[in-house]
Colleague: 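I'd like to ask you about the structure that follows.
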Amino acid sequence: MSATGTLRLPRTEVSARVKRWVEPQHPAPTPLAQATPPAPLSELLAEGTAKLAEQAERSLFIQSLFFDAWDGGLYGQYVRAQHYVSHLRQLHTLYTAFEAALPHVMSTPLTTALLLPELRLTAALEADLTYFCGESRTDTFTCVEARLHAERIREVSEDAPHLLVAHAYARCVLDVFSGHRRARRITDAFELAEGQGTTFYGTVPEAELAAFRVRFHSRLDGLELDEDEAREVVQEARMAFRLHALVCDELARGATGIAAGPHADAR
């Protein structure tokens, strides 16, 4: 981060590889000897981002919001609701950018992994924001770090659309796969009827979550990425987790009721 507080992100390189998503390709000649096949993309992503994903899950803001005990009473609920709404607003900015980027991959092989309805969650976020505060405005409440994250999504959609796969993977890990556990915490904290204010975290029914994980990983592994592209996707996913951590750090900074110290186990 520069002295002015602006995060410097590397520009993606527009190369001939990017064009292969929009131009017909001639099949390459079959080599005489087959090399050892590379590991599936889902495995490369899991191995390459495991530590960063765990750090994101254990960030001060996420731990305090979803897993720590809070002071009871109306004031405690009010403060926690403020933090939850702020969290949803940052996510709304990211998912809006992601969905706006999808036209860049229409009619390409990337659609099998990126056009899953389970990843189109802007409407669900708007429903939850409306439930908690009666409106879903986000622009004036989005922190600089979330805007930078959204800008990165827009940038790769134009320069190297295969990198959108990295952001889809990060969002699945951070939001979808852990969604029901977080929804239960919010439901208990605010004494909500099931599904109220947690539409975002319940988009994939809990009974179908394991099947969705298998389907999503299968579609990742079915993408025809070459070795360089797969490596770029893993690096971009690492960046996505780091950007998410910056957003959480900003939300925790000076937030009422959130302080460093021992925290409950999120697992």
Side-chain angles (χ1 to χ4, degrees), residues 42 45-46 49-72 76-77 79-92 94-95 98 116-129 131-132 146 149 167-217 220 237 240-245 247-249 251-252 255 257-267:
S42 61
L45 283 164
T49 64
K51 185 175 181 179
L52 291 169
E54 182 178 1
Q55 289 173 349
E57 181 75 355
R58 294 178 178 275
S59 69
L60 175 60
F61 182 80
I62 294 299
Q63 286 287 293
S64 297
L65 176 60
F66 291 106
F67 303 108
D68 286 357
W70 281 61
D71 293 335
Q77 283 191 331
V79 172
R80 194 166 194 164
Q82 282 188 316
H83 295 322
Y84 182 57
V85 166
S86 181
H87 177 59
L88 294 180
R89 282 171 168 153
Q90 313 314 308
L91 291 174
H92 184 272
L94 300 183
Y95 277 92
F98 178 77
L116 289 167
E118 292 87 350
L119 295 176
R120 305 180 77 164
L121 298 176
T122 301
L125 286 161
E126 290 172 354
D128 291 341
L129 285 166
Y131 176 82
F132 273 96
H149 196 165
H167 293 274
Y169 176 81
R171 298 292 13 132
C172 273
V173 172
L174 292 167
D175 304 327
V176 179
F177 296 159
S178 61
H180 289 280
R181 180 178 51 187
R182 295 185 181 185
R184 284 192 293 269
R185 296 283 184 164
I186 293 300
T187 298
D188 292 344
F190 301 125
E191 301 175 358
L192 302 174
E194 185 176 354
Q196 287 184 329
T198 57
T199 306
F200 170 72
Y201 283 120
T203 301
V204 180
E206 190 166 13
E208 300 174 14
L209 192 58
F212 170 70
R213 187 193 297 263
V214 171
R215 184 165 72 254
F216 180 58
H217 286 177
L220 290 177
F241 282 109
R242 290 192 180 100
L243 288 169
H244 178 84
V247 173
C248 290
D249 288 348
L251 292 177
I258 294 180
H263 295 275
D265 193 338
R267 291 173 294 180

Colleague: Over 60° means perpendicular and under 30° means parallel, so classify the ring planes of Tyr95 and Phe200, tilted if in between.
Modeller: perpendicular
Colleague: Which heavy atom of Ile62 sits nearest to which heavy atom of Ala56, and what is that distance?
Modeller: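 Looking at all heavy atoms of both residues, the shortest contact is CG1-O, 3.9 Å.
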Colleague: With salt bridge (charged side-chain N to carboxylate O under 4.0 Å, His left out) as the criterion, how do Glu57 and Arg181 come out once you've worked through the C-alpha distance, each side chain's angles and the decisive distance to 0.1 Å?
Modeller: CA-CA 12 Å; Glu57 181 75 355; Arg181 180 178 51 187; 2.6 Å; yes
Colleague: Report the distance from atom OG1 of Thr203 to atom CZ of Arg120, rounding to the nearest 0.5 Å.
Modeller: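 Spacing of OG1 (Thr203) from CZ (Arg120) equals 13.0 Å.
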Colleague: Test your reading of the model: is there a side-chain donor-acceptor pair from Tyr84 to the backbone of Phe132, 3.5 Å cut-off?
Modeller: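 It does not hold such a pair.
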Colleague: Got a donor-acceptor contact below 3.5 angstrom from the Arg80 side chain to the Leu65 backbone?
Modeller: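 Between the backbone of Leu65 and the side chain of Arg80 there is a qualifying donor-acceptor contact (under 3.5 Å).
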Colleague: Quick one: is the NZ or CZ of Arg213 closer than 6.0 Å to the six-membered ring centre of Phe177, and within 45° of its axis?
Modeller: yes
Colleague: Do you know which two heavy atoms are closest between Val176 and Leu121, and how far apart they sit?
Modeller: CG2-CD1, 4.4 Å
Colleague: Which residue in the set His83, His180, His87 passes ring-ring contact (aromatic ring centres under 6.0 Å, His included) when paired with Phe66?
Modeller: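 For Phe66, the ring-ring contact (aromatic ring centres under 6.0 Å, His included) check succeeds only for His87.
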Colleague: If you take all heavy atoms of Leu52 and Phe241, which pair is closest and at what distance?
Modeller: CB-CB, 3.8 Å
Colleague: Taking all heavy atoms of Asp128 and all of Thr199, pick out the closest pair and write down the distance.
Modeller: OD1-N, 2.8 Å
Colleague: Between Arg171 and Leu94, which heavy-atom pair has the shortest distance, and what is it?
Modeller: NH1-CD1, 3.6 Å
Colleague: What closest approach, in Å, do Val173 and Ser178 show between heavy atoms, and which atom pair accounts for it?
Modeller: O-OG, 4.0 Å
